[in-house]
Amino acid sequence: MNILVIHGPNLHLLGKRQPEIYGHQTLEDINAALDRQAAASPHDVMLKIFQSNHEGEIVSVIGGHINWADGVLINPAAYTHTSIAIRDAISTVALPVIEIHLSNIYAREAFRHHSYISAVALGVIGGFGAQSYTLALEAMIQHLQAG
Ligand code: DQA
């Protein structure tokens, strides 16, 4: 199973960025944990991992993997709350998508309470810090395995 992982804007600075909210783990730590989890899986899991600060690039990466990916894990970061373009890209590829957040967006500022992505996602995992990603990968593997 081929799983595309996308990290949105400002997530390249994890570890330095507001660690009281986002934790001390760097993006490299999170990616390494995902790679270990994929390698340890009894299923044949291939990951491609991207980070971008640019909305259009994220749209292109999603669309560009329509024939490769079986599922997508995405932390759209601030674009969660603004991007119809990323939502449309997800609807276009019609792949199962899990929306991820490190923080619990519903326990934060009101402008973070609305997600343009959730309605087109298979599910949403947030509030568990770096573990949100590993929980999401496990959920995606189980979903694809069942299908
Ligand atoms: C985030 C939550 C968003 O509101 C914020 O803009 C981010 C990160 C999270 O992972 O908790 O950049 O997606």
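Source: prediction; values computed, not measured. One-based numbering, in listed order, for ligands and for the atoms of each. Worth knowing before you read on, the calculation uses all heavy atoms, side chains too, and leaves out hydrogens, waters and symmetry mates. Starting from 1, each residue takes its place in the sequence as its number.
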Applying a 4.0 Å heavy-atom criterion (strictly less than), which segment of Asn75 is in contact with ligand 1: side chain, backbone, both, or neither? side chain

Counting non-hydrogen protein atoms only, what is the nearest one to atom 9 (C) of ligand 1? Give residue, atom name and distance.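 It is Leu102 N, 3.4 Å.
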
Glu109 and ligand 1 - part of the residue with a heavy-atom distance under 4.0 Å: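 Answer for Glu109: neither.
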
For ligand 1, which atoms have a heavy atom of Ser103 less than 4.0 angstrom away?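 That gives atoms 2 (C), 9 (C), 11 (O) of ligand 1.
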
Is ligand 1 less than 4.0 angstrom away from at least one heavy atom of Tyr22? yes

Apply the test side chain to side chain contact (heavy atoms under 4.5 Å, CB included) to residues His7 and His12: give CA-CA distance (whole Å), side-chain angles for both, the deciding distance (0.1 Å), then the verdict. CA-CA 8 Å; His7 304 286; His12 62 305; over 6 Å; no

Would you say Leu73 and Leu122 are hydrophobically clustered, going by side-chain heavy atoms of ILVMFWY under 4.5 Å? yes

Check: Gln37/Thr134 side-chain N/O donor and acceptor closer than 3.5 Å: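 The criterion, which ignores hydrogens and geometry beyond distance, is not satisfied for Thr134 and Gln37.
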
Heavy atom of the protein closest to atom 5 (C) of ligand 1 (residue, atom name, distance): Arg112 NH1, 3.3 Å

Donor-acceptor pair, His143 side chain versus Ala139 backbone, under 3.5 Å? no

Answer yes or no: is there a donor N or O on one side and an acceptor on the other, between the side chain of Arg112 and the main chain of Ile105, under 3.5 Å? no

Is there a donor-acceptor pair closer than 3.5 Å between any side-chain N or O of Thr80 and the backbone N or O of Ala77?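 Judged by distance alone, yes, a pair lies under 3.5 Å.
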
Of all the atoms in ligand 1, which lie at a distance below 4.0 Å from a heavy atom belonging to Arg17? 7 (C), 12 (O)

Show which atoms of ligand 1 fall inside a sub-4.0 Å distance from at least one heavy-atom site of His81.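 Close to His81: 3 (C), 4 (O).
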
shortest atom 1 (C) of ligand 1-to-protein heavy-atom contact is with His101 ND1, 3.7 Å

For atom CZ of Phe128, decide whether the heavy atoms of other residues, nucleotides or ligands shown that lie under 6.0 angstrom number more than 12. no

For ligand 1, is there an N or O atom under 3.5 Å from any N or O atom of Ile100?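 There is no such contact.
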
Report, in ascending order of atom number, the atoms of ligand 1 lying under 4.0 Å from any heavy atom of Ile105.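 So the answer, numbered in order with elements, is 2 (C).
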
Phe111/His113 aromatic ring centres below 6.0 Å: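 No, the ring centres sit 6.0 Å or more apart.
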
